[in-house]
Amino acid sequence: MMTGDNIARIEVPVLHTGQRIVLSESKRFNWLSAGRRWRKTTLGMRVALTEAAIRGERWLWGAPTYDQVRIAWDEFGRACGGYGSFTQMRMTAEFPGGGAVVFRSLDDPDNARGHTVDGAIFDEVADLKPQAYYDVVRPMLIDTNGSFWGIGTPKGRNWFWREWTKARSRQ
């Protein structure tokens, strides 16, 4: 994409075989439970990039803490290579064509209220309060028939494990 005299280029991350399989089998609601260093955040970033930045959709990126949100924010900014407008104060990346990704810490699930989105990604979902999903994001996605990705590392048999188990039984 040309911007003035500069060339801005999105560097969509190359996926490993496991990530490509997960992406090819994706549905409206996706629950990915994988170990540390599997590059779950990279997969989520690719989903958000190809939907928001390239197709003009609005997505929400949520994580349990601000520090965890910053990991995705920084990786996203590097991948976009000058394409789009990144406003750190609002933690929002906006792209030509109307696409955007809103990054929010979900230590308080209400931090995500009030947005209309076409999709949402929860990183480290096992560490989130279930209200972030059930009370905030699910209703948000009804308006747009939006997609959801819950990605994380297993943390026992909590609400994430229950959703992941239900999703596996529907395959």
Calculate, to the nearest 0.5 Å, the distance between atoms OG1 and CZ belonging to Thr153 and Arg37 respectively. 10.0 Å
When clusters are formed by joining ILVMFWY residues with side-chain heavy atoms under 4.5 Å apart, either directly or through shared neighbours, do Trp164 and Val22 land in the same one? no
Please give me the minimum heavy-atom distance between Ala52 and Ala100, naming the atom from each residue. CB-O, 3.5 Å
Trp161 and Gly156: which non-hydrogen atoms are nearest, and at how many Å? CB-O, 3.4 Å
If we ignore angles and hydrogens, is there a donor and acceptor under 3.5 Å between the side chains of Thr17 and Arg20? yes
Could you tell me whether a side-chain N or O of Asp118 sits under 3.5 Å from a main-chain N or O of Glu57, the two making a donor and an acceptor? no
Mind checking the CZ-OG spacing from Phe95 to Ser85? Nearest 0.5 Å is all I need. 9.0 Å
Would you name the heavy atoms of Thr41 and Trp61 that are closest together and state the gap between them? O-CH2, 3.6 Å
Measure the spacing between CZ of Arg162 and CZ of Arg157 and express it to the nearest 0.5 Å. 11.0 Å
Do Phe148 and Leu141 come within less than 4.5 Å of each other through their side chains, counting heavy atoms only? yes
Please tell me whether Ile151 and Phe29 are part of a single hydrophobic cluster in this structure, the criterion being side-chain heavy atoms less than 4.5 Å apart. no
I'd like to know if the side chain of Asp67 pairs up with that of Thr65 as donor and acceptor (distance under 3.5 Å, no hydrogens or angles considered). no
Close side-chain approach of Lys40 and Leu32, heavy atoms under 4.5 Å: yes
About how many Å separate CD of Glu25 and CG of Asn30, when rounded to the nearest 0.5 Å? 10.0 Å
First locate atom CG of Asp135, then atom NZ of Lys129, and finally report the distance between them rounded to the nearest 0.5 Å. 11.5 Å
Are the side chains of Leu43 and Arg39 in touch, meaning some heavy atoms are under 4.5 Å apart? no
Leu49 and Ala79: which non-hydrogen atoms are nearest, and at how many Å? CD1-CB, 4.0 Å
Backbone N or O of Arg90 within a donor-acceptor pair of the Thr92 side chain at under 3.5 Å? yes
Cluster check Val47, Ile71: I/L/V/M/F/W/Y, side chain < 4.5 angstrom: no
Could you tell me whether the side chain of Trp149 reaches within less than 4.5 Å of the side chain of Phe122, counting heavy atoms only? no
Minimum side-chain heavy-atom gap Val102-Met91 below 4.5 Å: no
For the hydrophobic clusters of this structure (ILVMFWY residues joined by side-chain heavy atoms under 4.5 Å, transitively), does one cluster hold both Trp38 and Val125? no
Ala112 and Leu106: which non-hydrogen atoms are nearest, and at how many Å? CB-CD2, 3.7 Å
Heavy-atom side-chain proximity of Gln19 to Thr42 below 4.5 angstrom: yes
With rounding to the nearest 0.5 angstrom, report the CZ to CZ distance, Arg46 to Phe76. 12.5 Å
Taking all heavy atoms of Phe103 and all of Ala93, pick out the closest pair and write down the distance. CE1-CB, 4.3 Å
According to a 4.5 Å side-chain heavy-atom criterion applied to Ile, Leu, Val, Met, Phe, Trp and Tyr, with indirect links allowed, do Ile121 and Leu15 form part of one hydrophobic cluster? yes
If you define the side chain from C-beta out and look only at heavy atoms, does anything of Trp59 sit under 4.5 Å from Val117? no
When the ring planes of Trp159 and Trp31 are compared, do they come out parallel, tilted or perpendicular, using 30° and 60° as the limits? perpendicular
Is there a side-chain contact between Glu11 and Arg78, using heavy atoms and a 4.5 Å cut-off? no
I'd like to know if the side chain of Glu163 pairs up with that of Tyr134 as donor and acceptor (distance under 3.5 Å, no hydrogens or angles considered). yes
Exam field: side chain Asp123 to backbone Gly152, donor-acceptor pair closer than 3.5 Å: no
So, Trp73 and Glu75: side-chain donor and acceptor under 3.5 Å apart, yes or no? no
Would the distance check show the side chain of Thr144 and the main-chain N or O of Gly146 forming a donor-acceptor pair, the cut-off being under 3.5 Å? yes
